[in-house]
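Each chain gets a letter, A, B and so on, in the order its sequence line appears, and its residues count up from 1.
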Amino acid sequence: MYDARDIEKKWQDRWEASKIFEANPDPKKEKKFMTIPYPYASGPTHIGHGRSDVNGDVFARYYRAKGYNVLLPMAFHITGTPVLAISSSIERNDDKMLERMRSYVSLHTSNKQKVEKVVKSFTDPWNVVKYFSETIKIDLKSIGMSIDWRREFTTGDKLYNKFIEWQFLKMKNEGYIEKGNYPILFCPRCNNAVGEDDIANGDELDLNINEFTCIKFPFEDGFLVPATLRPETIFGATNLWINPKGIYVYALVNGEKWIISDEATSLLRTQGKNIEILEKFEGKNLIGKKVKAIHNNAELPILPGTFVDTSTATGVVYSVPGHAPYDYIALIDLQKNDKLLNQFHLSKNEISEIQPINIIELKEFDDFPAKIYCEKFEVQSQDDKEKLDKATVANYKNEFYNGFLNEKCGKYNQKPVQEAVKLVINDLIQDGQAAKIYIPITRALKCRCGEKIFVTILQDQWFLNFNAADWKKKALECLNRLEIIPKKYRQNFVNVFHWLEKRPCARKRGLGTKLPFDKNWIIESLSDSTIYMSFYTIIHIINRNKIEADQLIPEVFDFVFLEKGDVIKISQLSEIPKNVLSEMREEFSYWYPVDHRHTAIMHISNHLSFYIFHHAGIFPEKYWPRMITLIEPLIVEGQKMGKSKGNLISLAEIREKYSTDLFRFYISHGADLGVSMDWREKKIQSVSSHIDKFYSFVKDNITKSKEIDLKIEDIESDYSKLILSKMIKSFMNAANALKNFNLRKYLQIGFYETFNLIQEFKKNAENESEFIVVLSILIPDWLKLLSLTIPHVCEELWEYAGMEGFVSNTLWGDFNEKYIDQDIENEYDYISNIIKDILNIQKIAKTQNNDKIFIYTSPRWKIDALKIIISKKGDFDLILTEFKKNSEVMKNKQLIPFIKAQIKNRVWETTYQDIEEEELIKKFINLIEKRVGRPIVLNSSCDPTGKALKANPFKPAIYIGD
RNA sequence: GCGGGAAUUGCCAAGUCUGGUCAAAGGCGCUGGACUCAGAAUCCAGUCUCGUAGGAGUCCGGGGGUUCAAAUCCCCUUUCCCGCACCA
């Protein structure tokens with residue numbers, strides 16, 4: 001056993017003191033710029049982050065071991081609302097948030113008073129940021145990350161703001177940014193846009209917004225205005241529905257006279273419409289009157305519909321009984337209901353003449369879809385809300401994805417419904433026959449402040465337009481050159497790129513950087529994190545030279561990143577010394593582009609895509625990213641990890657509960673990149689004992705080797721040479737697995753396979769001194785190999801073995817490749833196969849205790865024949881022709897069956913081993929006897945069952961008997 | 001729905017790109033043995049079916065195809081997982 005905590009602290013401190021992970025440009029060395037996304041500083045990091053962090057660190061250490069100059073930097077993300085949400089919740093003493101923050105802070109201190117003090121300080125957002133960035137840094141150091149911390153920053157720093165301002169000015173100049181209207185959720189009391197964090201139960205509710213089209217049916221001197229999600233069905237409208245008991249109004253809406261429900265007026269007001277209510281009245285007053293259709297001259301009656309909800313949209317519905325189950329059933333209800341007809345003085349004849357109109361062609365539907373779906377879901381009346389909702393969804397889905405409008409729809413004839421919806425909306429709005437309103441999908445959304453949330457329309461929202469100019473083309477080109485591992489994710493990127501259209505890139509509140517050309521806006525959190533890797537290359541120079549934010553004028557970044565402008569002029573403008581500007585430019589051009597970015601697949605459709613777009617849009621090709629590796633998410637005991645589930649494991653706990661090397665090993669070996677990792681407590685415990693064993697085994701052998709005065713050159717036994725050869729080969733295989741970033745395979749071979757091999761060898765080794773010497777050759781390479789994953793243990797053993805410097809800083813070299821001896825390995829494989837066969841026979845056949853084992857090697861003629869078969873690559877005719885040259889051989893009756901059998905086995909494809917079988921068996925006879933526990937008799941004339949005849953080359957015959 | 005991914009022998013999981021060396025790595029579990037008073041741990045052996053001779057048969061979600069040869073390539077199908085925009 002060893003004390004992990006001590007060892008880890010010791011080496012982490014030494015690494016820091018010796019600055020071995022601080023990377024500086026070195027023109028003589030090839031560079032690798034490796035990045036992992038920076039963590040969000042609103043809470044502690046957990047093992048999910050830990051997986052990508054450790055992966056990234058292992059890759060960085062791998063690059064170092066291969067001789068690259070490696071930069072692995074880290075910073076903190078604080079942009080947006082989460083930090084503000086923490087502060088405001090603490091401010092108003094929100095119990096849940098207080099509890100959460102207490103538990104977070106308790107991870108790093110057990111002093112309750114201190115916890116309370118820290119949590120109280122969170123009323124200031126910057127204290128939140130400061131606290132979490134500091135503790136996350138502690139956590140990252142504690143898991144052995146080989147980070148150059150000189151380059152740390154937060155996205156709220158003034159210096160960073162200047163950098164992002166430059167980025168957005170640049171994007172604006174390129175034409176990637178534009179203004180437009182945008183509907184968002186809004187809280188009138190907070191007078192703010194609201195997101196998931198601000199909404200009660202926001203994480204569980206559907207926060208999407210529905211876009212309704214209000215259609216203006218001419219009525220009297222104004223319009224009766226129903227709202228719909230399906231404006232394409234306007235061609236199938238037969239009547240309108242009004243709730244007779246509802247309160248409706250005549251109102252001037254932006255100067256036009258509309259009839260809508262009373263409740264709808266406040267909704268329209270919030271969406272920027274100017275409303276003046278002229279008169280309120282009950283819905284029943286409208287019943288029986290008629291509106292004019294908008295697509296032809298038909299007159300549509302206004303009928304009573306109790307299902308109409310005046311608080312939804314405009315409180316007016318137009319009826320499409322052919323395609324809407326609600327409308328269909330309401331029509332049937334009315335036609336049957338004489339009482340109701342009488343009550344509203346409606347003509348029974350007229351109403352019963354109303355027929356659904358079919359406007360959508362649907363395969364295999366010979367009746368109105370609304371009718372079919374009503375029957376399918378057994379709808380009885382318009383009050384069967386539950387069934388009607390289901391029928392409506394099913395009906396709509398089918399029509400939307402499979403339907404085509406028919407000849408009744410004029411110029412939209414034969415258009416797929418999916419397409420027609422957009423066309424109809426655009427045309428109606430263009431012609432002034434409709435307007436849009438927006439309504440949250442979830443009704444009665446409440447802000448955390450208690451106020452009801454509604455949708456408002458931002459008139460001047462800033463968007464990134466991914467379709468602007470040739471931006472997308474460039475991004476696709478960048479993607480084309482980019483290596484994506486595992487490959488299976490590439491298609492995903494391609495599809496996302498095509499799907500990306502516009503993205504709002506600024507918000508009204510939150511931490512971050514103000515839009516340089518419109519200071520009312522703050523750049524949104526994903527948009528300010530796309531090219532930040534370039535900032536790592538210069539931030540330490542900015543800090544070291546005490547450059548102020550004001551000095552970071554756009555010209556500075558143009559010069560550093562884009563090689564534009566005159567250094568003397570820029571130096572004068574910015575008051576940054578010329579040599580500092582040049583240093584920044586040189587450092588940037590040394591490290592850029594990012595060679596390797598590693599993160600989780602969930603970022604493909606947002607961050608990683610923006611990462612590529614923004615690089616492609618801003619930087620010249622030579623600075624475009626080179627490679628992305630991806631991991632699937634981490635789950636805990638088969639369950640998603642989450643705050644609400646209470647199964648979140650933070651990195652701070654790792655340090656206490658397990659050990660860093662154990663964590664690093666387990667998380668690296670637990671799953672391949674493209675597979676989700678299941679964290680299992682039981683498993684991690686068994687890995688723990690494996691590492692302990694490894695440590696003691698290596699340490700013991702180092703101790704022993706110090707007492708033995710023998711040189712590797714003095715090694716004599718073939719078995720020792722075999723050990724060396726096999727182990728070195730395994731090292732190389734393990735190292736090869738890393739070339740493809742296959743961590744699991746690397747550890748499977750580099751740790752388990754080698755460890756098993758070495759233990760088997762130890763058991764069978766004849767000469768212990770030789771074994772120890774062999775190990776002393778192997779151990780340094782083994783430590784180098786494993787130091788990527790378990791660096792602390794390896795450093796400790798490295799030091800114990802008396803090696804120079806840090807193993808973390810040592811090149812791999814060729815792992816003593818010169819000791820690989822294929823001949824010895826072939827011989828050993830041959831003997832192993834014989835032993836395996838004997839054991840197999842012993843298992844099946846009931847042999848006696850006093851049995852001997854007879855081995856018969858292949859007769860000479862078979863070996864000769866085999867050579868011919870192999871030389872002719874199994875072509876039967878050619879082989880026979882060859883044999884016919886020698887009539888003696890052809891007399892052998894066993895020849896043809898032998899040839900056929902060998903052809904069937906495709907022997908020419910297996911490596912032909914040039915082995916003298918009898919000699920070899922003699923040489924290893926002791927080993928064989930030891931393993932099978934019986935005496936061996938080789939090529940004896942005693943052969944009671946005629947086995948000797950069956951001996952084949954490299955497959956000697958075996959007989960067990962006495 | 002759109003887009004992406006996955007399905008392997010009790011469970012987890014390699015292998016699939018690049019077809020043959022694949023009854024198919026490794027781990028867990030289980031069975032037997034060693035050690036032990038006993039348990040834990042550790043070590044050894046076995047773990048699709050059949051087999052008193054190193055073998056044979058069947059098998060990689062289901063169905064079809066290509067090939068001398070398919071877990072691997074092609075087509076169809078079923079089931080499951082993930083992403084879908086102002087949320088970091």
Could you tell me which nucleotide pairs with [N] by Watson-Crick or G-U wobble geometry, both distances under 3.5 Å, or answer none if nothing does?
N: G54(B); result: none
N: A13(B); result: none
N: G46(B); result: C30(B)
N: A25(B); result: none
N: C68(B); result: G20(B)
N: C60(B); result: none
N: C80(B); result: G5(B)

### Task
Check the pair Tyr176(A), Asn465(A) against side-chain contact (heavy atoms from CB on, under 4.5 Å), reporting the backbone distance first and the verdict last.
CA-CA 5 Å; Tyr176(A) 301 149; Asn465(A) 182 359; over 6 Å; no
### Query
Does Asp837(A) make a side-chain donor-acceptor contact with the base of G54(B), cut-off 3.5 Å?
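Yes, a donor-acceptor pair under 3.5 Å.
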Do [X] and [Y] have their ring centres less than 6.0 Å from each other?
X: Phe76(A); Y: Phe132(A); answer: no
X: His603(A); Y: Tyr611(A); answer: no
X: Tyr532(A); Y: Tyr38(A); answer: yes
X: Phe755(A); Y: Phe697(A); answer: yes
X: Tyr752(A); Y: His690(A); answer: yes

Options [options], nucleotide nearest the side-chain atoms of [X]:
X: Lys955(A); options: G5(B), G54(B), A85(B); value: G54(B)
X: Ala957(A); options: G54(B), G29(B), G5(B); value: G54(B)
X: Ser605(A); options: C84(B), A13(B), G83(B); value: G83(B)
X: Ile960(A); options: C17(B), A53(B), A85(B); value: A53(B)

### Query
Nearest nucleotide by nearest heavy atom, which residue falls closer to the 5' end of RNA chain B, Leu500(A) or Tyr489(A)?
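This one resolves to Tyr489(A).
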### Task
For Phe463(A) and for Lys640(A), locate the closest nucleotide of RNA chain B by heavy-atom distance; then report the residue assigned to the nucleotide nearer the 5' terminus.
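Its nucleotide being nearer the 5' end, the pick is Lys640(A).
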For nucleotides [N] and [M], find the distance between their [atom1] atoms and express it as a whole number of Å.
N: G20(B); M: A69(B); atom1: C1'; value: 6 Å
N: A45(B); M: C11(B); atom1: P; value: 25 Å
N: A13(B); M: C73(B); atom1: C1'; value: 24 Å

### Query
Just checking Pro183(A): base, sugar-phosphate only, or nothing, at a heavy-atom cut-off of under 4.0 Å?
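Pro183(A): no heavy atom of the nucleic acid under 4.0 Å.
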### Query
If every non-hydrogen atom of Glu681(A) is compared with every non-hydrogen atom of Gln685(A), which pair is closest and at what distance?
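Scanning both residues completely, I find the closest heavy atoms to be OE2-NE2, 2.8 Å.
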### Query
If we only count heavy atoms from C-beta on, is the Phe497(A) to Ile612(A) side-chain gap below 4.5 Å?
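With C-beta onward as the side chain, the pair touches.
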### Query
OP1 or OP2 of C87(B) less than 4.0 angstrom from a side-chain nitrogen or oxygen of Arg507(A), does that happen here?
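Looking at the OP1 and OP2 atoms of C87(B), one of them is under 4.0 Å from a side-chain N or O of Arg507(A).
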### Query
Looking only at side-chain N and O atoms, does Asn492(A) come under 4.0 Å of OP1 or OP2 in G3(B)?
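No, because none of the side-chain N or O atoms of Asn492(A) sits under 4.0 Å from OP1 or OP2 of G3(B).
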### Query
Reading nucleotides 41-51 of chain B 5' to 3', which nucleotides get B (base under 4.0 Å from a protein heavy atom), which S (sugar-phosphate only), which -?
-SSS------B
### Task
May I have the distance from Glu632(A) (atom CD) to A14(B) (atom P), rounded to whole angstrom?
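My rounded result for the distance is 11 Å.
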